[in-house]
Asker: 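Before I ask anything, let me first share the structure, which is written out below as structure tokens.
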Amino acid sequence: MYTRVSRKREKGKTYEYLQLCEAYRNKQGQPRTRTLMNLGRLDQLDRSKIDAAVEALLAYSTNPKITRVSDLEHRDASDYGDMLALVHLWDRLGLADSIRRHLRDKKVCFEVAELIKVMVLNRLSDPLSKLGVMRWLPTVYIPDLRRQEVTYPHLLRAMDYLVEIKEQVEKDLYCELVGLFNLEVEVVLMDLTSCYFEGEGPGLAQWGYSRDRRPQRKQIVLALVVTKEGLPVYHEVLPGNTADVTTLIPTVDVLRGRFRIGRCILVFDRGMVSEENLAYLDEQGIPYIVAIRRRGTRESDELISKGLRGFVEMEELGLRVKEKKKGEIRYILCHNPEVAKSKRGTREEFFKKAQGEIDKLNRRFRKGQLSPQGLYHKAMEVLQHYHLERYFCPEVERRGVILYMDTELLEREHFLEGKFFLRTRLSAEQMSTADVIRTYKGLSEIERAFRILKDPLKLRPIFHWTDRRVRAHVMICVLAYLLQKVMGIYCQRANLKLSPQRALGILSQLKAIRSRLGNQTVVLTTTVEDHMRQILHAAQIPIPEKVIQSQLVT
């Protein structure tokens with residue numbers, strides 16, 4: 001049924017008439033139309049009578065799209081756009097299928113994959129405790145989620161199941177990523193970080209070197225391996241007192257065994273360097289690029305020479321570079337003049353501040369307000385506060401404390417400022433000097449991953465009290481980072497100058513509004529703006545319909 005405007009000419013004038021018409025088929029099956037009602041001339045039409053007629057007919061309508069404005073009830077509005085995008089990416093990576101497949105023989109009585117997805121999405125939206133997830137759920141609209149099946153006990157049990165299949169899921173994910181982005185895994189980056197606990201923590205929680213600068217807290221160590229694009233391949237949760245050098249060989253064995261990654265270049269930092277580790281890589285024929293310590297090793301002592309003779313400017317890298325070769329090993333010395341200038345300026349500023357505070361202590365000492373022993377200890381506290389205790393030896397004399405400088409050590413530090421040393425067995429034909437440096441600098445990707453895991457995704461502090469739950473919590477955070485990174489790659493490939501956090505933030509402005517229309521409850525979306533369309537198009541996600549759910553109220 002539809003309306004139609006017909007035109008008639010009478011006495012040289014054209015008149016328009018509004019008609020209510022119907023399309024139908026005759027007995028022969030041919031399409032025809034007929035006029036059900038003539039509503040009158042348009043220029044003489046009393047529109048109030050039409051409104052009254054429509055109002056009267058609404059009482060008999062069963063279409064939720066036809067209703068009085070006064071009858072429309074908006075119940076609540078939830079974030080939808082970011083959830084829609086993340087669910088599509090989750091499905092595209094095959095995570096739900098992988099989890100279900102590997103739990104098939106465990107006779108699980110609830111949907112583990114859906115609960116893991118909920119916890120991962122929460123990390124990317126508003127990271128909360130597992131109990132906090134229950135408060136968060138009503139604020140978002142997750143497509144096809146049966147919310148009544150999400151309970152706090154089931155969330156915790158889902159974490160336990162996830163840990164049991166971690167290795168299989170990681171392997172499936174790696175295969176999906178290689179196929180999805182046509183990855184050629186030529187370089188893998190490895191690094192470690194620490195995450196602290198509130199309270200005692202489980203058995204994994206141990207005292208160790210804290211990269212969070214929380215030495216008073218127990219911690220775990222997280223080993224992470226990513227591709228040069230920053231996509232996580234493998235992670236391991238280790239006791240908090242694990243030494244860095246002990247992590248390299250087990251990680252290499254996993255990469256070669258589980259992921260069949262054997263000939264790619266391994267890039268890692270100086271903390272994992274030992275003669276045993278390097279000998280193992282050489283024996284296995286695994287190419288590597290590694291930074292070596294600048295102080296206290298035979299290699300660094302041999303490389304250091306006074307002055308900057310022989311350094312070549314590489315303007316594209318902003319560095320001065322000198323290369324030395326010893327047998328099959330290439331050593332690349334890199335000097336950043338800007339960093340050196342900044343560090344020297346900071347040290348000189350600290351020295352001025354420290355000297356000013358020590359002068360105040362000396363005046364108090366001469367007034368008899370400090371004992372010689374008290375003066376010495378306070379002077380040491382000042383030097384330690386400004387990280388200068390290595391360069392000065394304080395001695396208390398009659399007029400106060402005197403700082404004696406270790407000029408040889410200070411001169412050596414001046415030379416080392418802004419420098420880092422790289423070691424590799426890759427020949428110049430296999431990789432140029434500039435490419436070796438660029439590849440090593442790719443470690444910034446993994447450092448960025450650690451920052452995102454710890455801050456926006458709230459990896460720490462950790463509040464779980466069993467090793468199994470701690471491992472599951474870390475894996476959920478890593479999966480969240482993976483989804484965020486995948487979104488970032490799609491935006492980058494579409495030349496959208498947006499971080500993945502910003503892109504998801506924009507999409508979260510697309511709301512799902514639950515409304516009551518007549519005898520039906522419907523879920524409607526707000527308007528999909530152009531900048532939202534660009535992000536959804538970049539991530540190959542279809543634009544959602546205006547009505548995304550409709551349910552008859554009984």
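Only heavy atoms go into these numbers, but all of them, side chains included; no hydrogens, no water, no symmetry mates.
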Asker: Tell me, with the steps shown, if Ser98 and Asp172 meet side-chain hydrogen bond (donor to acceptor under 3.5 Å, both in side chains).
Answerer: CA-CA 7 Å; Ser98 176; Asp172 290 347; 2.7 Å; yes

Asker: Looking at Arg217 and Asp212, is any side-chain nitrogen of the basic one under 4.0 Å from a carboxylate oxygen of the acidic one?
Answerer: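 No, no charged N to carboxylate O under 4.0 Å.
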
Asker: Applying side chain to side chain donor-acceptor pair (under 3.5 Å), can you list everything that pairs with Asp244, at least two apart in sequence or on another chain?
Answerer: Arg211

Asker: I need the Met190 CE to Tyr288 OH distance, nearest 0.5 Å.
Answerer: 15.5 Å

Asker: Let me confirm one number: the CD1-CZ distance from Ile289 to Arg330, rounded to the nearest 0.5 Å.
Answerer: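 It comes to 8.5 Å.
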
Asker: Assess whether side chain to side chain contact (heavy atoms under 4.5 Å, CB included) is satisfied between Phe268 and Leu192, documenting all intermediate values.
Answerer: CA-CA 9 Å; Phe268 53 100; Leu192 303 170; over 6 Å; no

Asker: Does His537 offer a backbone N or O that forms a donor-acceptor pair with the side chain of Gln540 under 3.5 Å?
Answerer: no

Asker: Quick check: does any side chain N or O of Asp79 sit under 3.5 Å from a backbone N or O of Val140, one acting as donor and the other as acceptor?
Answerer: no

Asker: If you measure from CG on Leu162 to CZ on Arg469, what distance do you get to the nearest 0.5 Å?
Answerer: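 Reported to 0.5 Å precision, the distance equals 12.0 Å.
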
Asker: Measure the spacing between CZ of Arg123 and SG of Cys477 and express it to the nearest 0.5 Å.
Answerer: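 Interatomic distance, Arg123 CZ to Cys477 SG, rounded to 0.5 Å: 4.5 Å.
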
Asker: Show the nearest heavy-atom pair for residues Val478 and Pro232, with the distance to one decimal.
Answerer: CG1-CB, 4.0 Å

Asker: Sub-3.5 Å donor-acceptor pair from the side chain of Asn277 to the main-chain atoms of Val245, do we have one?
Answerer: yes

Asker: Where the side chain of Thr346 meets the backbone of Ser342, is there a donor-acceptor pair that is under 3.5 Å apart?
Answerer: yes

Asker: Please determine whether the number of non-hydrogen atoms from other residues, nucleotides or ligands lying under 6.0 Å from atom CD of Gln216 exceeds 12.
Answerer: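 Counting other residues, nucleotides and ligands, CD of Gln216 exceeds 12 neighbours.
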
Asker: Checking side chain to side chain contact (heavy atoms under 4.5 Å, CB included) for the pair Leu128/Lys458: CA distance, chi angles, key distance, verdict?
Answerer: CA-CA 8 Å; Leu128 298 168; Lys458 303 296 182 188; over 6 Å; no

Asker: Can you list everything that forms a ring-ring contact (aromatic ring centres under 6.0 Å, His included) with Tyr386? Sequence neighbours excluded, please.
Answerer: Phe350

Asker: Ignoring hydrogens and geometry, is there a side-chain-to-backbone donor-acceptor pair from His473 to His464 under 3.5 Å?
Answerer: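 The answer is no, because no donor-acceptor pair under 3.5 Å joins these two groups.
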
Asker: Not counting sequence neighbours, which residues clear side chain to side chain donor-acceptor pair (under 3.5 Å) with Gln168? List them please.
Answerer: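 Result, side chain to side chain donor-acceptor pair (under 3.5 Å) vs Gln168: none returned.
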
Asker: On a heavy-atom basis, which atom in Lys546 and which in Thr527 lie closest, and how many Å separate them?
Answerer: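 Reported closest heavy-atom pair: NZ-N, 4.1 Å.
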
Asker: Donor-acceptor pair, Asp269 side chain versus Asp191 backbone, under 3.5 Å?
Answerer: no

Asker: For the pair Ile292 and Tyr331, evaluate side chain to side chain contact (heavy atoms under 4.5 Å, CB included) and give the outcome as yes or no after the intermediate values.
Answerer: CA-CA 9 Å; Ile292 62 174; Tyr331 293 100; 4.2 Å; yes

Asker: Under 3.5 Å, which donor-acceptor pairs do the side chains of residues 220-229 form with other protein atoms, sequence neighbours left out?
Answerer:
residue	atom	partner	partner atom	Å
Thr227	OG1	Glu229	N	3.3
Thr227	OG1	Glu229	OE1	2.9
Thr227	OG1	Leu231	N	3.3

Asker: Please determine if Arg256 and Asp253 form a salt bridge, counting it only when a charged side-chain N lies under 4.0 Å from a carboxylate O.
Answerer: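 No, Arg256 and Asp253 are not salt-bridged.
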
Asker: Can you tell me if Glu198 has over 12 outside heavy atoms packed within less than 6.0 Å of its CD?
Answerer: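 Yes.
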
Asker: Side-chain polar contacts of residues 485-500 - donor-acceptor pairs under 3.5 angstrom, sequence neighbours left out - could you list them?
Answerer:
residue	atom	partner	partner atom	Å
Lys485	NZ	Glu445	OE1	3.1
Tyr490	OH	Arg92	NH1	3.1
Ser499	OG	Arg502	N	3.1

Asker: State whether the number of non-hydrogen atoms from other residues, nucleotides or ligands found under 6.0 Å of Glu276 atom CD is greater than 12.
Answerer: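 No, the 6.0 Å shell around CD holds no more than 12 heavy atoms from other groups.
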
Asker: Taking the side chain as every heavy atom from C-beta outward, state whether Pro287 and Thr424 have any pair of such atoms under 4.5 Å apart.
Answerer: no

Asker: Give, for atom CE of Met272 and atom CD1 of Ile249, the distance between the pair rounded to the nearest 0.5 Å.
Answerer: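 Here the interatomic distance stands at 12.5 Å.
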
Asker: Which pair of non-hydrogen atoms, one from Met159 and one from Ile476, has the smallest distance, and what is that distance?
Answerer: CG-CD1, 4.1 Å

Asker: Between the side chain of Arg423 and the main-chain N/O of Ile329, is any donor-acceptor distance below 3.5 Å?
Answerer: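 Side chain of Arg423 to backbone of Ile329, a donor-acceptor pair under 3.5 Å: no, none is there.
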
Asker: Salt bridge check: are Glu413 and Arg390 linked by an N-O gap of less than 4.0 Å?
Answerer: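 Salt bridge: yes.
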
Asker: Between atom CH2 of Trp90 and atom CD of Glu114, what is the distance when rounded to the nearest 0.5 Å?
Answerer: 8.5 Å

Asker: As a quick check of understanding, evaluate side chain to side chain contact (heavy atoms under 4.5 Å, CB included) for Glu176 and Tyr174, giving each step before the final call.
Answerer: CA-CA 5 Å; Glu176 290 290 341; Tyr174 173 72; over 6 Å; no

Asker: Has Tyr280 got more than 12 heavy atoms of other residues, nucleotides or ligands less than 6.0 Å from its OH?
Answerer: yes

Asker: Verify the neighbour count for atom NZ of Lys343: are there more than 12 heavy atoms of other residues, nucleotides or ligands below 6.0 Å?
Answerer: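 Not more than 12 within 6.0 Å, no.
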
Asker: Would Arg438 and Asp435 pass as an ion pair if we require N to O under 4.0 Å?
Answerer: yes

Asker: Looking only at heavy atoms, which two atoms of Trp136 and Met83 are closest? And how far apart?
Answerer: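 Reported closest heavy-atom pair: CZ2-SD, 4.0 Å.
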
Asker: Who pairs with Tyr80 by ring-ring contact (aromatic ring centres under 6.0 Å, His included), at least two apart in sequence or on another chain?
Answerer: Tyr141

Asker: May I ask you to check whether over 12 heavy atoms, not counting those of Glu338, lie within 6.0 Å of atom CD?
Answerer: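 Result for CD/Glu338: open.
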
Asker: Quick one: does any side-chain atom of Lys218 pair with a main-chain N or O of Pro215 as donor and acceptor, under 3.5 Å?
Answerer: no

Asker: May I ask you to check if Arg460 and Tyr196 form a cation-pi contact, with NZ or CZ under 6.0 angstrom from the six-membered ring centre and within 45° of the axis?
Answerer: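 Relative to the ring axis of Tyr196, which defines the angle, Arg460 lies outside at least one limit.
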
Asker: Between Gln206 and Pro239, which heavy-atom pair has the shortest distance, and what is it?
Answerer: CG-CB, 4.3 Å

Asker: Look at the side chain of Asn336 and the backbone N and O of Leu319, then say whether any donor-acceptor pair between them is shorter than 3.5 Å.
Answerer: no

Asker: When you measure from the side chain of Arg100 to the backbone N and O of Ala113, does any donor-acceptor pair fall under 3.5 Å?
Answerer: no

Asker: Looking at side-chain heavy atoms only, is the closest gap between Phe110 and Tyr161 below 4.5 Å?
Answerer: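 Contact flag for Phe110/Tyr161 side chains = yes.
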
Asker: Does a donor on one side chain and an acceptor on the other come within less than 3.5 Å for Thr193 and Lys454?
Answerer: yes

Asker: Which atoms form the tightest heavy-atom contact between Leu483 and Leu89, and what is the distance?
Answerer: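 Shortest heavy-atom separation between Leu483 and Leu89 comes out as O-CD1, 3.9 Å.
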
Asker: With a 4.0 Å cut-off, would you call Lys166 and Glu170 a salt bridge?
Answerer: yes

